[in-house]
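A quick write-up on the structure given underneath.
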Amino acid sequence: MKLIDFGVREDEKKYIQEWSKDNDIEVKIVTDLLTPETVKMAQGFDGIVAYQQLPYDEKIFDTMNEYGIHVISLRNVGVDNVPIEALKKNKIRLTNVPSYSPEAIAEYSVTGLMALLRNMKHMIRKVDQHDFRWVPDIGRELNQLTVGVAGTGRIGQAAIKIYQGFGAKVIAFDKFHNSEIEKEGLYVDSLDTLLKESDVVTLHIPSLGKGHTVINSQSISEMKDDAIVINTARGDLINTKDLYEAVASGKLYGAVMDVYENEVGIFNNDLTDEGLSDELLELVIKSPRFILTPHIAFYTTKAVKNMATISLDSMVDELKNGTSENEIDLDK
Ligand code: COI
């Protein structure tokens, strides 16, 4: 069996190499992203592993079919950049890593929130300028707030535990109820109710597709004054312009944005020389009330190792048994 792994970062290499040695399976490591051009490197391999934020071009899957490669394993969870119809057409199976570390993302939600509640961004900027005054950066305490967790999958469940540990009142919403959370009586009847009753809303749901936002001027108008939005999920869940205006006008307190609707090509790139031509993002970065980070909630040693190795394990299962527990149902 010969595998090829695309879009591999420096920090992932050692985990892939270790896995290759332990399993005695050849894995070619490629740093390039998977495109209609680079897929040509996969000729002669049995399976493709990849991770990228760049959308996967449909032509990639025609070429895979031509080469007789019928499995692609992603090192991440989200499949929103995969053209599912092209996979179906070419009879290509897809796996993801549904759970590499829910705790990494849940912990990051609270990390960002604490930074915002204690005005860390502004305070650190002031101290950098040798301004050591307290006022006006008085903090707020998490134990006095109601946190609304939207989405109670693995990440949402981990977030609930952490927020409860801080003494916050937690409420939750999901179309599919988890029995433990149900038993605790945390569910409210709709997302609208969650938005209305929360001081902090933390999003742990997948993308709803382009143009289908959860946080926009209409939903913001229903939210509590001084509420906070945390997004470690997908950028397109939020209309960023509406969110920015709500914070700038003082309706909302602030936001933690680890994802951004136009992040592809910006996040995880060094633009120090090139600069940034996205004015909205520039405003968000400047605002002390936005904690903006480049999609790093997942980025821990535990998660990266799991992403590298679980994707390869799934590939082996697919090639040996024709399926794996992480295969995505392309008809859903
Ligand atoms: C995903 O796993 O889909 C993520 O959003 C994390 C990614 C940046 C590796």
Side-chain angles (χ1 to χ4, degrees), residues 5-16 29-34 48-56 72-84 87 94-109 111-112 149-151 153-159 202-210 213-214 229-238 240 256-270 281 291-315 324-330 332:
D5 215 325
F6 282 90
V8 175
R9 302 181 309 270
E10 210 42 52
D11 55 282
E12 296 175 295
K13 279 186 185 163
K14 64 171 183 287
Y15 301 122
I16 297 172
I29 293 179
V30 176
T31 53
D32 304 85
L33 301 183
L34 184 59
I48 291 182
V49 182
Y51 164 68
Q52 63 196 38
Q53 284 184 306
L54 185 76
Y56 294 94
I72 178 164
S73 291
L74 304 186
R75 301 197 297 280
N76 67 310
V77 59
V79 296
D80 40 325
N81 57 348
V82 182
I84 299 296
L87 268 78
L94 171 70
T95 71
N96 70 347
V97 184
S99 180
Y100 42 80
S101 177
E103 296 78 15
I105 295 150
E107 285 184 14
Y108 197 79
S109 166
T111 303
V149 177
R154 296 180 182 90
I155 300 172
Q157 288 167 43
T202 182
L203 302 178
H204 300 294
I205 52 179
S207 166
L208 304 176
K210 222 177 155 37
T213 54
V214 169
V229 174
I230 305 173
N231 191 4
T232 55
R234 282 293 181 264
D236 60 7
L237 291 170
I238 292 184
T240 314
V256 178
M257 270 175 55
D258 184 51
V259 286
Y260 171 50
E261 55 187 309
N262 299 317
E263 70 182 60
V264 177
I266 299 178
F267 284 9
N268 201 17
N269 284 299
D270 181 1
L281 187 60
I291 304 289
L292 186 280
T293 46
H295 209 141
I296 56 162
F298 84 100
Y299 194 49
T300 66
T301 48
K302 170 180 151 187
V304 169
K305 181 176 184 187
N306 283 340
M307 293 162 105
T309 58
I310 295 172
S311 54
L312 287 162
D313 288 341
S314 304
M315 174 60 81
S324 98
E325 60 173 353
N326 295 327
E327 186 175 316
I328 304 280
D329 181 349
L330 301 181
K332 261 199 188 154

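Quick caveat, the model's predicted, so the values are computed rather than measured. Order of listing sets the numbers, starting from 1, for every ligand and every atom in it.
Using a cut-off of 4.0 Å between Lys/Arg side-chain N and Asp/Glu carboxylate O, Arg9 and Asp11 are scored as salt-bridged. Taking the charged nitrogens against the carboxylate oxygens, Arg75 and Glu12 do have a contact shorter than 4.0 Å, which makes a salt bridge.
Between the side chains of Tyr51 and Ser311, no donor N or O sits under 3.5 Å from an acceptor N or O. For the residue pair Thr95/Asn326, the side-chain donor-acceptor check at 3.5 Å is not satisfied. The closest side-chain donor-acceptor pair between His295 and Gln53 falls under 3.5 angstrom.
The backbone N or O of Gly7 lies less than 3.5 Å from no partner atom in the side chain of Gln52, so there is not a single donor-acceptor pair.
Under 4.0 Å from any atom of ligand 1, one finds heavy atoms of residues Tyr51, Asn76, Val77, Gly78, Tyr100, Arg234, His295, Phe298, Met307.
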